[in-house]
Number of protein chains: 2
Amino acid sequence: MMELTRKGEYAIRGIIYLAQQPPGRVSLISEIAAAAEVPQTFLAKIFQSFAKLGLVTSSRGTGGGFVLARPASAITLREVVEAVEGPILPNRCLLGSACDRGGPCRVHAVWKQVQTEVVHILDGVTIDTLARNP
Amino acid sequence: MMELTRKGEYAIRGIIYLAQQPPGRVSLISEIAAAAEVPQTFLAKIFQSFAKLGLVTSSRGTGGGFVLARPASAITLREVVEAVEGPILPNRCLLGSACDRGGPCRVHAVWKQVQTEVVHILDGVTIDTLARNP
DNA sequence: TATAAAGGGGATCAAATTGGTCCTAAAGGT
DNA sequence: ACCTTTAGGACCAATTTGATCCCCTTTATA
Ligand code: SF4
Ligand code: SF4
């Protein structure tokens, strides 16, 4: 239960690689994919999501590629995960939409607590922490 | 991300109904399904899992049905959820199997922390708490 | 101004998972 | 015997996941 998908794994590995490059260094998607051991075309989609959300900046044409849009210390693991997996939502009813049954039941509060706690943990981890080598 | 499936929702609703019955009262699957608003044949599978894990006891034939195998105060939400959704595992690498890449990376510890925290929350909630009406 | 080197984005696809039904067998009561 | 009720397997449609392909646009530079 609650498993991260491949997309999530790949997203994290990809952005960590980017964070490990010298600041300002532009990386090709092919380079990132090779380093992170991720199918290139799949990773390209992931980085498109990153770019749309402003986590990375992309440039096209010769000499193009990807760079972090902010310092790695200002990008949280939550942002990365939510960029590709959508919001942390242990139960549908946590999204505004009222429960299709009576009102919110007692379980509701438990899922809310789970959500809050997980968000808190993932928000407390930044990419620069993850990028530091053992 | 991390969404509970229908099966999980149904499992919780079903066992809460059972916990709301007078102690010792046997409930038919048809009755539980109607009360919990869950497809009956689907719920039957769910309760089979409960029975195998010893959360409920089942009896066949006339007068048969389901009863909680333990007091509702001794059944945790985690047991119920894991019975149908499998263990709380935010990332595959948390299951003994070593990472297919280098060694465990720094992200590993984060998922471990998420797992621990979620398990802790769900272990702290028992079915009798959930069964009490507003 | 070609041309090559990138990323953007849509279409498409196979495999896996989810959500659910159906049928037969087994067990238990009358 | 016969009815009731769960057990368990086979099966199925819809959705999601994990990817690949192809064509388009942007950009540098020869
Ligand atoms: S039954 Fe409770 S947990 Fe389930 S959707 Fe409704 S409010 Fe949420
Ligand atoms: S890269 Fe890290 S988080 Fe991902 S499977 Fe390996 S150890 Fe686990």
Side-chain angles (χ1 to χ4, degrees), chain A residues 1-15 18 25-34 36-69 81 83-87 89 91-92 100, chain B residues 1-15 18 25-34 36-69 81 83-87 89 91-92 100:
Chain A
M1 194 217 171
M2 324 213 346
E3 274 193 47
L4 194 72
T5 65
R6 296 290 161 124
K7 198 148 87 163
E9 259 289 315
Y10 294 167
I12 297 169
R13 302 220 296 245
I15 207 162
L18 213 53
R25 157 86 183 284
V26 174
S27 304
L28 300 186
I29 193 69
S30 55
E31 175 194 340
I32 307 172
E37 296 174 72
V38 169
Q40 191 188 125
T41 55
F42 198 15
L43 190 66
K45 299 292 185 191
I46 293 170
F47 270 70
Q48 275 184 40
S49 307
F50 286 166
K52 268 193 232 169
L53 283 161
L55 264 51
V56 304
T57 48
S58 66
S59 45
R60 303 208 246 194
T62 315
F66 295 91
V67 194
L68 289 187
V81 169
V84 296
E85 305 256 24
L89 257 193
N91 194 326
R92 302 170 231 265
D100 46 327
Chain B
M1 195 215 171
M2 325 215 345
E3 275 194 46
L4 193 72
T5 65
R6 295 292 162 121
K7 198 149 87 163
E9 260 285 318
Y10 295 167
I12 296 169
R13 301 220 298 243
I15 207 163
L18 212 53
R25 156 85 183 285
V26 175
S27 305
L28 299 186
I29 194 68
S30 55
E31 174 195 340
I32 307 172
E37 295 173 74
V38 170
Q40 191 187 126
T41 55
F42 198 16
L43 190 65
K45 300 293 184 190
I46 292 170
F47 270 69
Q48 274 182 42
S49 307
F50 286 165
K52 268 196 232 167
L53 283 162
L55 264 50
V56 304
T57 49
S58 65
S59 47
R60 306 205 246 195
T62 315
F66 296 92
V67 193
L68 288 187
V81 168
V84 296
E85 304 254 25
L89 257 194
N91 194 326
R92 304 170 230 265
D100 46 327

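Atoms considered below: every heavy atom in the structure, side chains included; atoms not considered: hydrogens, waters and symmetry mates. Chain letters run A, B, ... following the sequence lines, proteins first, then strands; residues in each count from 1. Since the structure is predicted, the reported quantities are computational estimates derived from the model, not experimental observations.
- OP1 or OP2 of C:dG20 has at least one side-chain nitrogen or oxygen of B:Y10 nearer than 4.0 Å.
- Look at CD on A:E31: it is 15 Å from C1' on C:dG7, rounded to the nearest Å.
- Applying the side chain to side chain contact (heavy atoms under 4.5 Å, CB included) test between B:V84 and each of B:I46, B:L53, B:L4, B:I12 identifies B:I46 as the sole match.
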Item to check | Sugar-phosphate or base contact per nucleotide [nucleotides 24-30 of chain C; S, B, -; heavy atom under 4.0 Å] | outcome: --BBBS-
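- To the nearest 0.5 Å, atom CG of residue B:L55 and atom CG of residue B:L18 are 10.5 Å apart.
- Listed by chain and number, the residues in a salt bridge (charged side-chain N to carboxylate O under 4.0 Å, His left out) with B:R6 amount to none (sequence neighbours excluded).
- Atom CZ of A:F66 and atom P of C:dA5 are 18 Å apart (whole Å).
- Residues A:S49 and A:A83 share a closest heavy-atom pair of CB-O, 4.0 Å.
- Between A:E3 atom CD and C:dA16 atom P there is a gap of 15 Å when expressed in whole angstrom units.
- Against DNA chain C, the stretch residues 41-54 of chain A makes heavy-atom approaches under 4.0 Å through A:K45, A:Q48, A:K52.
- In this structure, the side chain to side chain contact (heavy atoms under 4.5 Å, CB included) partners of A:P39, at least two apart in sequence or on a different chain, are A:Y10, A:F42.
- The two residues B:A69 and B:T57 have their closest heavy-atom pair at CB-CG2, 3.8 Å.
- Atom-to-atom distance recorded for A:M1:CE and B:E3:CD is 9.5 Å, nearest 0.5 angstrom.
- Atom CD1 in B:I32 sits 14.5 Å away from atom CD in B:E37 (nearest 0.5 Å).
- What separates CD of B:E9 from C1' of C:dT18 is a distance of 15 Å, to the nearest Å.
- Looking at residues two or more places apart in sequence or on another chain, you find a side chain to side chain contact (heavy atoms under 4.5 Å, CB included) between A:A36 and A:R13, A:V38.
- Applying the side chain to side chain contact (heavy atoms under 4.5 Å, CB included) test between B:F66 and each of B:V56, B:I15, B:V26 identifies B:V56 as the sole match.
- A 4.0 Å heavy-atom criterion places the boundary nucleotides of DNA chain D facing chain A at D:dG18 to D:dA28, written 5' to 3'.
- Once rounded to the nearest 0.5 Å, the distance linking CD of A:Q40 with NZ of A:K45 reads 12.0 Å.
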